[in-house]
Amino acid sequence: MRHDYEIAVGPIHPALKEPIMLRLTIEGEEIVDVDVIASQNHRGIEWIGMNRNNAIQSLYLAERICGICNFCHPSNLVMAIEEIADIEVPDRAQYIRVIQGELERIHSHLLWAGVAAHEIGFDSLLHYTWMVREKVMDVLEAVNGNRVTKAIIMYGGVRRDIDEEKAKLIRKMCSYYREAFNKLAKLFLEDDTIKKRTREIGILKYEDAMKLAAAGPTARASGVKKDVRQDFPYFAYPDFDVHAITPDKLLGYTVGDVYDRIVVRLLEVKQSLEIIEEALDNMPPGDIIAEKKLVKLMAKIKASEGEAVARYEAPRGEDIHYVMLKQGYEPLYSWKVRAPTYINILSWRPMLLGYQIADIPIIAASIDPCLSCTNRFAVVKDGEEKIINADYFHRLSIEKTRRLKK
Amino acid sequence: MIPKAFKRSLWVFHINSGSCNGCDIEIIAALTPRYDAERFGIKLVGSPRHADVIAFTGPVTNDMKDKVIRIIEQTPDPKVIVVIGSCGIGGGVFHESYHLAGPIDKLYPNAKYFYVPGCPPRPEAIIQAFAKAWEWLEEVEKK
């Protein structure tokens with residue numbers, strides 16, 4: 001007689017931003033097997049880039065691969081094409097790109113911290129984190145003209161300069177976050193409830209992280225010292241002293257659990273603030289774009305041929321784009337995108353094995369999958385199908401928090 | 001803007017049919033303290049059966065087509081759908097793609113639609129759309 005049963009999570013579920021499906025085999029409360037079924041969010045972006053759009057239009061399409069990391073995908077495309085077409089980027093533009101990338105990291109990590117708090121039933125912390133996050137959204141809007149999709153990067157530079165006035169705003173934001181950081185760190189790292197729900201939960205061992213090629217904060221929280229900004233610096237990063245952040249910097253040891261992932265992301269927010277301030281101080285004067293005339297730029301890209309791979313440290317991990325251009329062919333001849341979540345999803349299996357159903361939301365969210373919306377689960381037991389919505393799931397999670405508090 | 005009598009709070013169920021998350025994070029931003037839609041009683045619920053209005057994002061990929069329709073059918077009548085973002089309205093940057101079944105108003109015409117254009121729209125615009133949907137629901141109730 002079989003004692004285990006299956007829970008299907010998704011494709012529509014709260015802890016998953018992209019629709020994706022998880023099939024979990026449960027024995028009692030314990031998770032014994034995990035299977036991931038992806039592809040529900042396939043929009044054919046690469047196909048559009050290779051057939052309908054020209055290279056400049058594809059830039060804005062790349063922005064919409066992911067609305068949260070909407071700077072890293074176009075950055076990758078830009079880096080690849082700049083390498084193929086041999087476009088020299090002015091120094092000032094490279095510094096502005098660094099600032100933009102770090103602003104995005106701050107907003108993304110704070111967003112994640114809020115979602116993580118929500119997943120363990122700590123909603124007041126979600127609201128607090130998102131309130132703090134609005135500050136960086138204001139700055140993004142002031143600097144770029146839009147809160148989320150920025151449309152700031154262009155082949156050969158950036159489209160808008162950061163002048164004194166904007167620099168002042170960004171500096172103000174940095175000092176605001178320095179204060180807020182201490183409070184956030186206290187709330188996230190010293191709170192007993194959070195500690196109980198995240199310590200020794202969802203452990204990804206160093207060996208597993210290496211084997212599964214985990215990327216970004218997920219890998220760093222397991223003690224893997226890798227960061228594209230440190231290993232293969234792009235933009236103006238060679239000028240900065242960026243080191244991969246591992247949890248032992250703060251705690252002295254690494255466990256590789258959900259708590260460690262919180263530590264890494266919080267420390268990275270601090271690191272981003274340092275990089276932004278350094279970049280503002282050392283920003284060289286000069287042009288912000290190599291070629292202002294789009295027609296001329298387009299002609300140059302159309303005339304070039306070759307292939308390139310670009311790497312970028314996105315908030316979720318290493319993002320890779322492969323681009324191939326062919327002379328006289330207006331769209332990209334070939335375009336392959338490998339987003340960080342794609343590899344990090346694999347680490348769900350070692351993370352989830354052996355833990356309880358109530359831990360699924362926080363473990364699933366801990367790798368910061370490009371998360372989204374609707375909450376529904378189908379529990380299949382003895383051939384009968386029963387739909388359980390995420391409320392039930394969320395309630396389980398809250399109940400566990402309460403039990404631990406007692 | 002808000003109907004006179006708050007007969008009930010507006011409960012919202014959020015469906016992502018393959019959007020880029022841009023609109024989804026703005027929906028959450030609309031609920032959190034800066035914009036605070038919850039002060040009007042507007043809140044996200046975990047089950048489509050509890051929802052008065054659906055917040056819909058994304059251009060509907062082929063994989064999500066059946067699932068999205070199944071969820072919309074589970075919501076009580078009258079079905080009100082607020083489509084958030086340009087790609088939900090007409091495909092946006094993804095139009096002409098081989099893997100799109102949408103937009104949703106063509107797939108499921110028997111509902112009242114409200115549109116919030118923008119890529120992504122601002123949280124204020126999202127709240128306004130819900131206020132409009134709310135007014136419409138009050139009208140229906142009066143009849």
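Residue numbers begin at 1 in each chain, while the letters A, B, ... track the order of the sequences. The figures that follow rest on heavy atoms only: side chains count, while hydrogens, waters and symmetry mates do not.
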Checklist entry - Does any heavy atom of chain A fall under 4.5 Å from the side chain of Ile27(B), the backbone, both, or neither of them? => result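 No part of Ile27(B) comes within 4.5 Å of chain A.
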
Checklist entry - Using non-hydrogen atoms only, which part of Ala29(B) is less than 4.5 Å away from chain A: side chain, backbone, both, or neither? => result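 Both parts, backbone and side chain.
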
Which bit of [X] comes within less than 4.5 Å of chain B, counting heavy atoms only: side chain, backbone, both or neither?
X: His73(A); answer: neither
X: Ile65(A); answer: backbone
X: Gln57(A); answer: neither

Next on the checklist: Taking 4.5 Å as the heavy-atom cut-off, does anything in residues 143-152 of chain A contact chain B, and if so which residues?
Outcome noted: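 The stretch touches chain B at Asn146(A), Arg147(A), Val148(A), Thr149(A).
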
Next on the checklist: Let's test your reading of the structure: which of Arg52(A), His127(A), Met137(A) forms the most heavy-atom pairs below 4.5 Å with chain B?
Outcome noted: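 Going by pairs under 4.5 Å, I would pick Arg52(A).
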
Checklist entry - Do you know which of Arg64(A), Met131(A), Glu63(A) has the most heavy-atom pairs under 4.5 Å to chain B? => result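 Option with the top pair count is Arg64(A).
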
Next on the checklist: Measuring only between side-chain heavy atoms, which start at C-beta, is Glu134(A) closer than 4.5 Å to Tyr35(B)?
Outcome noted: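 Result yes, sub-4.5 Å side-chain heavy-atom pair found.
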
Checklist entry - Do the side chains of Arg34(B) and Asp138(A) get nearer than 4.5 Å, heavy atoms only? => result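 Side chain of Asp138(A) against side chain of Arg34(B), heavy atoms only: contact under 4.5 Å found.
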
Checklist entry - Would Leu31(B) and Trp130(A) count as a side chain to side chain contact (heavy atoms under 4.5 Å, CB included) if you check the C-alpha gap in whole Å, the side-chain angles of each, and the deciding distance to 0.1 Å? => result CA-CA 10 Å; Leu31(B) 292 168; Trp130(A) 277 65; over 6 Å; no

Item to check | Considering all heavy atoms, the nearest Ser97(B)-Gly44(A) contact | outcome: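 Between these two residues, the closest heavy atoms are OG-CA, 3.8 Å.
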
Please report the interatomic distance [atom1]([X]) to [atom2]([Y]), rounded to the nearest 0.5 Å.
X: Phe94(B); Y: Ile45(A); atom1: CZ; atom2: CD1; answer: 4.5 Å
X: Asp123(A); Y: Glu38(B); atom1: CG; atom2: CD; answer: 8.0 Å
X: Ile68(A); Y: Asp24(B); atom1: CD1; atom2: CG; answer: 8.0 Å

Checklist entry - Is the number of heavy atoms from other residues, nucleotides or ligands under 6.0 Å of Lys65(B) NZ greater than 12? => result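 At most 12 heavy atoms, drawn from other residues, nucleotides or ligands, come within 6.0 Å of this atom.
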
Checklist entry - When you look at Arg133(A) and Ile25(B), which way does the side chain to side chain contact (heavy atoms under 4.5 Å, CB included) test go after all the steps? => result CA-CA 12 Å; Arg133(A) 175 178 169 270; Ile25(B) 59 172; 3.8 Å; yes

